[in-house]
Amino acid sequence: MSVASAQTLQRLKPLEPFVERSTFEGMTFGLSSAGYDVRIAESFSLGPGSFKLASTQEKFFMPKNLIGIVHDKSTWARRGLAVQNTVIEPNWSGYLTLELTNHHNSDILTFKSGMPIAQIIFHLLDEDTSLPYDGKYQNQEAGPQAARLKG
């Protein structure tokens with residue numbers, strides 16, 4: 001497995017809208033040398049010690065030979081925000097729900113729709129997987145989605 005380069009991501013375009021590189025209030029989003037920085041869809045505040053689900057503005061269309069790992073964006077991490085390291089499976093499609101936690105003990109973090117929120121590092125599989133994702137979060141709709149537990 002290898003990390004997908006900017007050139008590979010430009011060719012595959014595993015999400016839309018696909019932005020080459022831009023900024024929002026001084027923070028970058030879009031394509032980077034070896035990943036893609038996604039934006040948040042909702043506006044909200046997150047108090048100290050709080051947890052919140054949020055959605056990306058981007059919709060994913062993962063090919064069967066690509067997996068994505070969600071990572072913190074360093075600017076937010078330095079302010080105490082943790083984005084849980086979700087895996088985006090090969091063949092998954094939909095809007096990504098992010099799990100956000102404010103670990104700072106005094107800052108209230110304020111997010112505006114369109115702000116860069118997390119970075120995705122994509123890894124190429126050595127071949128198309130024989131077990132593509134086809135689970136309960138397939139074709140996930142826009143907006144944060146709660147956990148879907150079996151009853």
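Heavy atoms only: backbone and side chains are in, while hydrogens, waters and symmetry mates are out.
By the criterion of side-chain heavy atoms lying less than 4.5 angstrom apart, applied directly or through intervening Ile, Leu, Val, Met, Phe, Trp or Tyr residues, Phe29 is not grouped with Ile121; the two fall into different hydrophobic clusters. When the side chains of ILVMFWY residues are joined at heavy-atom separations under 4.5 Å, either directly or via intervening members, Ile69 and Tyr133 end up in two distinct hydrophobic clusters. Under the 4.5 Å side-chain heavy-atom criterion for ILVMFWY residues, no single connected hydrophobic cluster contains both Ile67 and Tyr95. Both Val19 and Phe122 are assigned to one and the same hydrophobic cluster, defined by single-linkage of ILVMFWY side chains at heavy-atom distances under 4.5 Å.
Rounding to the nearest 0.5 Å gives a distance of 6.0 Å between CG of Leu109 and CG of Leu46. With values rounded to the nearest 0.5 angstrom, Thr56 atom OG1 is found 8.5 Å from Glu42 atom CD. Distance check: Leu124 CG to Leu12 CG gives 6.5 Å after rounding to the nearest 0.5 Å. Atom OG1 of Thr8 sits about 9.0 Å away from atom CG of Leu66, to the nearest 0.5 Å.
Defined by atom type and a distance below 3.5 Å, a donor-acceptor pair is missing between the side-chain atoms of Ser32 and Gln119.
Val70 pairs in a side-chain contact (heavy atoms from CB on, under 4.5 Å) with only one of the listed residues (Ile88, Asn85, Val38), which is Ile88. When each of Glu141, Gln140, Gln145 is tested with Thr97 by the rule side chain to side chain donor-acceptor pair (under 3.5 Å), just one qualifies, namely Gln140. When each of Leu125, Asn65, Asp128, Leu131 is checked for a side-chain contact (heavy atoms from CB on, under 4.5 Å) with Pro90, only Leu125 meets the rule.
Looking only at side-chain heavy atoms (C-beta outward), Ser113 and Gln57 come within less than 4.5 Å of each other. Between Met27 and Met115, the closest side-chain pair of non-hydrogen atoms is not below 4.5 Å. The shortest side-chain heavy-atom distance between Glu58 and Leu96 does not fall under the 4.5 Å cut-off.
When the shell of 6.0 Å around CZ of Arg148 is examined, it contains more than 12 heavy atoms from other residues, nucleotides or ligands.
Residues satisfying the salt bridge (charged side-chain N to carboxylate O under 4.0 Å, His left out) test with Lys64, not counting sequence neighbours, are none. Contacts of Asp37 classified as salt bridge (charged side-chain N to carboxylate O under 4.0 Å, His left out), with partners at least two apart in sequence or in another chain: Arg21, Lys73. Residues satisfying the side-chain hydrogen bond (donor to acceptor under 3.5 Å, both in side chains) test with Lys13, not counting sequence neighbours, are none. Partners of Phe18 by ring pair (Phe, Tyr, Trp, His ring centres under 6.0 Å), not counting sequence neighbours, listed by chain and number: Tyr36.
Leu53 belongs to a hydrophobic cluster whose other members, connected by ILVMFWY side-chain contacts under 4.5 Å either directly or through intermediates, are Phe51.
A salt bridge (Lys or Arg N to Asp or Glu O under 4.0 Å) check over residues 89-111, counting only residues at least two apart or in different chains, returns nothing.
Listed here is the closest heavy atom pair of Asn91 and Pro132: CB-CB, 3.4 Å. When all heavy atoms are compared, the tightest approach of Ala77 to Asp72 is CB-CB, 4.0 Å.
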